[in-house]
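Computation of the quantities below employed the complete heavy-atom set of this structure, encompassing side-chain atoms and omitting hydrogens, waters and symmetry-equivalent molecules. Residue numbers start from 1 in every chain, and the chains themselves are labelled A, B, ... in the order their sequence lines are given, proteins ahead of strands.
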Amino acid sequence: MGDNPSFREHGDQIPGVVGGVVGRVNDLAYAEKRERLEELAPEELAEIEAEDEGDDHDLPDLPRAEEYDEVRMRCAPNPNGPWHVGHARMPAVIGTYKERYDGWFCVRFDDTDPETKRPDLEAYDAILEDLEYLGFEPDATFKASDRLDIYYDHARKLIDMGGAYTCSCSGEEFSKLKNNGEACPHREKDVETVLEEFEDMIAGVYDSGEMVLRVKTDIEHKNPALRDWVGFRMIDTPHPREEAEEYRCWPMLDFQSAIDDHVVDVTHIVRGIDLQDSAKRQGFLYDYFGWEYPEVVHWGHVQIDAYDVKMSTSTIAELIDEGRLDGWDDPRAPTLRSLRRRGIRGEAIVDAMVGLGTSTSDVDLAMSSIYANNRDLIDEETDRRFLVRDGAEVPLGGSPPDEANPPLHPNHEDRGVRKIPAGDAVLLEPDDLPQREDRIWLKGLGCFQYTRDTLQYTGEDIDVVREGDVDVVHWVPANESVPVRMRTMDGDVSGQAEPEVAALEPDEMVQFERVGFARIDSVDGEDGTLAYYTHP
RNA sequence: GCUCCGAUAGUGUAGUCCGGCCAAUCAUAUUGCCCUCUCACGGCAAUGACCAGGGUUCGAAUCCCUGUCGGAGCACCA
């Protein structure tokens, strides 16, 4: 109708005219449709098929990816502790892009604040371990604190170009001027003086707070966040890394990161929305140096629905210090280590994170989607076992079979069966205890009627279960069961498992029937077997 | 206060650039049925969304404006 405006007044008649044709086309078989389309408009067909191929990707294409020889990205964590679940988004997305574009990514520890965000020496390796757990291996690893000379050199060049000045205003003073769009007196210092003072900063002549190096941008820029920002500042506290403990003059993230991204040839920066102004700030630096700023993808904040604990490294660290969490891998902690110990595969987390896409709005990740992914991965290979929580002992009567032999996995009978002796009494979960005179089916063993506080074997046919009259429940022998302590997100539960559970190895996964999946953590502790609950 | 950004079912997401079988995709979730000696897995079905109001147009999830709500930055933190 855009081509033939005269049709417009008859627009409402179009459906009637076109509808019949559309209906006929819809009735054609797929192959026939394809054939007809190929005759009429081969170029349309090609387009449709090209779209279909793109449908496999969960993530949108990276901007202008095809214009670079190699897609190069970086993951730049602050090494202040092991990663929480939210941190997985960065490697998940970067790693997925790396695979798609056959690209490259490095880990660069942005550890340029020895004081406020003081690095934790153990966190460097902890983060690399977390990364490995998620299934990624960086192509290179750097520490910003090893690279101060690179930043100093670039600062010197910038000063030479008149792009930076040393400033001794207090933060408060400068902030006031800046908000009014006014320059401070130090802005017009000559290059020689600035250079000298910057060398003094490097030499550690000044104390913390006495002098900074500001990048000259536009003091009247309409966005106050971009006006003459600090590139370097003095910090009295030595860096925790021995290799870096002599430095006193430290670059700010915006400076350090800007230089590093260019030096290692990063083509695509992928990061959180909190750094959205960073790109603009750093743009001034790139302009001075005549560099081109990488493509940027920002995303919003991620929250996970299942945790009471706030997902922040420092909060988790505090809770551990206070003894309210047992450590970084406490099942109640929203950390990757916790999920790993519970037996959740890194891949399940990565898939969930990739599913979030890269939208800039804030998102809530449902823990259930990680669970669903994980169940998909482990269900087929995980053997079944019985675990009775808070078991109530009930004697057996009526000469039931000595032993039950349920399969290790219902879909894989070839794996064999379990041996569960029945003995004189069994443990049942209190909720499963039947009403008096009601029947119940002890899985693998047979039908029982609850009479006079005893389960009397009635030996009926399994048909009673098929007919829906009798509930099937899990059970363990009262005498020979294995004590199990199971740690969950909601606290510990204790129970008794079937005897063969004693023979499981640490790190093995099990599914406790009608309870859920769990990872065996240790087998010879004081409380017997220690398991971590994975998910239903 | 100044400056940015965003808004599709409970959750996440596709579609938005370039308006047209979009009464809106897929996954997850919830519920029901089937399968089953587990409440797992599998199969089937149901549930459920274009923030609001205006405008442009024959036609708006899509374009424009206003509003509302949400987020971020304005640090000598990362």
Given the [atom1] atoms of [N] and [M], what is the spacing between them in whole Å?
N: B:C17; M: B:C22; atom1: P; result: 16 Å
N: B:G43; M: B:U28; atom1: P; result: 10 Å
N: B:G48; M: B:U13; atom1: C1'; result: 15 Å
N: B:A23; M: B:C65; atom1: P; result: 25 Å
N: B:U25; M: B:A49; atom1: P; result: 12 Å
N: B:A78; M: B:A72; atom1: C1'; result: 15 Å
N: B:G1; M: B:U57; atom1: C1'; result: 40 Å
N: B:A60; M: B:C50; atom1: P; result: 16 Å

(Q) Between the base of B:A40 and the side chain of A:Arg384, is there a donor and acceptor pair under 3.5 angstrom? (A) yes
Q) With a 3.5 Å cut-off and just heavy-atom distances, do the side chain of A:Lys117 and the base of B:C77 make a donor-acceptor pair? A) yes
Q: Show your working on ring-ring contact (aromatic ring centres under 6.0 Å, His included) between A:Phe512 and A:Tyr533 and close with a plain yes or no.
A: CA-CA 10 Å; A:Phe512 291 125; A:Tyr533 184 65; 9.0 Å; no
Can you tell me how far [atom2] of [N] sits from [atom1] of [X], to the nearest Å?
X: A:Ile273; N: B:A78; atom1: CD1; atom2: P; result: 20 Å
X: A:His474; N: B:A40; atom1: NE2; atom2: P; result: 14 Å
X: A:Gln276; N: B:C5; atom1: CD; atom2: P; result: 8 Å
X: A:Asn374; N: B:C41; atom1: CG; atom2: P; result: 12 Å
X: A:Asp305; N: B:U28; atom1: CG; atom2: P; result: 16 Å
X: A:Gln282; N: B:G73; atom1: CD; atom2: C1'; result: 14 Å
X: A:Lys222; N: B:C2; atom1: NZ; atom2: P; result: 13 Å
X: A:Gln511; N: B:G42; atom1: CD; atom2: C1'; result: 14 Å

Scan side-chain atoms only and decide if [X] and [Y] contain a donor-acceptor pair under the 3.5 Å cut-off.
X: A:Tyr165; Y: A:Asp228; value: yes
X: A:His474; Y: A:Glu429; value: yes
X: A:Ser145; Y: A:Arg241; value: yes

Q: Would you check, one step at a time, whether the test side-chain contact (heavy atoms from CB on, under 4.5 Å) holds for A:Leu253 with A:Leu275?
A: CA-CA 10 Å; A:Leu253 172 77; A:Leu275 265 5; 4.3 Å; yes
Q.
On the six-membered ring of A:Trp299, is A:Arg89 placed so that its NZ or CZ lies under 6.0 angstrom from the centre and within 45° of the ring axis?
A. yes
Q: Flag this pair as yes if the NZ/CZ of A:Arg439 is under 6.0 angstrom from the six-membered ring centre of A:Phe448 and inside a 45 degree cone about the axis; otherwise no.
A: no
Q: May I ask which nucleotide in the shown strands pairs with B:A9, Watson-Crick or G-U wobble, both distances under 3.5 Å?
A: none
Below the 4.0 Å mark, does [N] have OP1 or OP2 next to a side-chain nitrogen or oxygen of [X]?
X: A:Ser175; N: B:A75; value: yes
X: A:Arg233; N: B:C77; value: yes
X: A:Lys178; N: B:A75; value: yes
X: A:Thr360; N: B:A72; value: no

Q. In terms of ring plane angle, is the pair A:Tyr152 and A:Phe198 parallel, tilted or perpendicular, where the classes change at 30° and 60°?
A. perpendicular
What nucleic acid atoms does [X] come within less than 4.0 Å of, heavy atoms only: base, sugar-phosphate, or nothing?
X: A:Asp274; result: base
X: A:Phe517; result: sugar-phosphate
X: A:Ser170; result: base
X: A:Met211; result: nothing
X: A:Gly444; result: base
X: A:Leu253; result: base
X: A:Asn78; result: sugar-phosphate
X: A:Ile235; result: nothing
X: A:Cys169; result: base
X: A:Thr112; result: sugar-phosphate
X: A:Val363; result: sugar-phosphate

Q.
Is it the case that the side chain of A:Arg389 and the backbone of A:Met486 share a donor-acceptor pair, with hydrogens and angles ignored and the cut-off at 3.5 Å?
A.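 Absent.
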**Q.** Check: A:Arg466 main-chain N/O paired with A:Asp463 side-chain donor or acceptor under 3.5 Å
**A.** no
Q: Taking only heavy atoms on the protein side, list every residue of residues 404-413 of chain A lying under 4.0 Å from any atom of RNA chain B, sorted numerically.
A: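 A:Pro410, A:Asn411, in order of number.
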**Q.** Residues touching RNA chain B, which here means a heavy atom under 4.0 Å, drawn from residues 461-468 of chain A
**A.** A:Ile462, A:Arg466
(Q) Can you confirm if the aromatic rings of A:Phe255 and A:Tyr151 lie within a centre distance of less than 6.0 Å? (A) no
Q. With a 4.5 Å heavy-atom cut-off, do A:Ile420 and A:Asn405 have their side chains touching?
A. no
